[in-house]
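Only one structure is covered here, and it is reproduced in the block below.
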Amino acid sequence: MDLQKIKELALANGFKLKEQASGNMDLNAYVYDFANAIEREVKAQAVPEGFVVASTKDLNIIYDQINDWNTDWPLVFELFNRILEAQEPANESE
């Protein structure tokens with residue numbers, strides 16, 4: 001989350017600007033650190049390790065294909081790969 005968004009949220013929820021060592025008015029640095037720590041924790045819990053997020057549309061197609069005698073296996077594998085590849089950036093640590 002960018003610093004401006006953190007500042008907006010903090011000010012909207014009762015935090016106050018304080019004069020910093022530089023002389024300008026801002027939130028104390030620990031407010032930004034805390035907000036970033038919360039964001040990292042939320043991201044880590046959003047999708048537990050070993051799990052991925054998939055659209056219900058893709059999952060329904062896979063389910064229908066697997067339960068069909070004329071399964072289009074290349075389509076099933078393509079959808080699985082799309083689901084897995086889409087997760088790679090989301091699981092990187094900041």
Exercise for review: Determine yes or no for a side-chain-to-main-chain donor-acceptor pair under 3.5 angstrom, with Glu19 supplying the side chain and Met25 the backbone.
Suggested key: no
Review point. Between Gln65 and Leu75, is there a donor-acceptor pair closer than 3.5 Å when you use the side chain of the first and the backbone of the second?
Key: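 Checked: no pair found.
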So, using side chain to side chain contact (heavy atoms under 4.5 Å, CB included) as the criterion, who are the partners of [X] when residues are at least two apart?
| X | result |
| --- | --- |
| Ala35 | Ile6 |
| Phe80 | Ile62, Val76 |
| Asp2 | Gln4, Lys5 |

Exercise for review: Ignoring hydrogens and angles, state whether a donor on the side chain of Gln20 or Asn28 is under 3.5 Å from an acceptor on the partner side chain.
Suggested key: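 Side chains of Gln20 and Asn28: pair found under 3.5 Å.
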**Study point:** Residues which pass salt bridge (Lys or Arg N to Asp or Glu O under 4.0 Å) with Asp33, listed by chain and number, not counting sequence neighbours
**Key:**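 Salt bridge (Lys or Arg N to Asp or Glu O under 4.0 Å) list for Asp33, sorted by chain: empty.
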Practice item. Return the set of residues passing salt bridge (Lys or Arg N to Asp or Glu O under 4.0 Å) with Asp26 (not counting sequence neighbours), or none when no residue passes. Key: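 Per chain and number, Asp26 pairs via salt bridge (Lys or Arg N to Asp or Glu O under 4.0 Å) with Lys7.
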Check your understanding: Do Tyr63 and Ile61 share a hydrophobic cluster (ILVMFWY, side-chain heavy atoms under 4.5 Å, transitive)?
Key -> no
Those residues that, when tested against [X], pass side-chain hydrogen bond (donor to acceptor under 3.5 Å, both in side chains) (two or more places apart):
| X | answer |
| --- | --- |
| Asp64 | none |
| Glu78 | none |
| Glu41 | Gln45 |

Check your understanding: Apart from Val42 itself, which Ile, Leu, Val, Met, Phe, Trp or Tyr residues share its cluster (side-chain heavy atoms under 4.5 Å, direct or through members)?
Key ->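 Its cluster partners, ordered by chain and number, are Phe34, Ile38.
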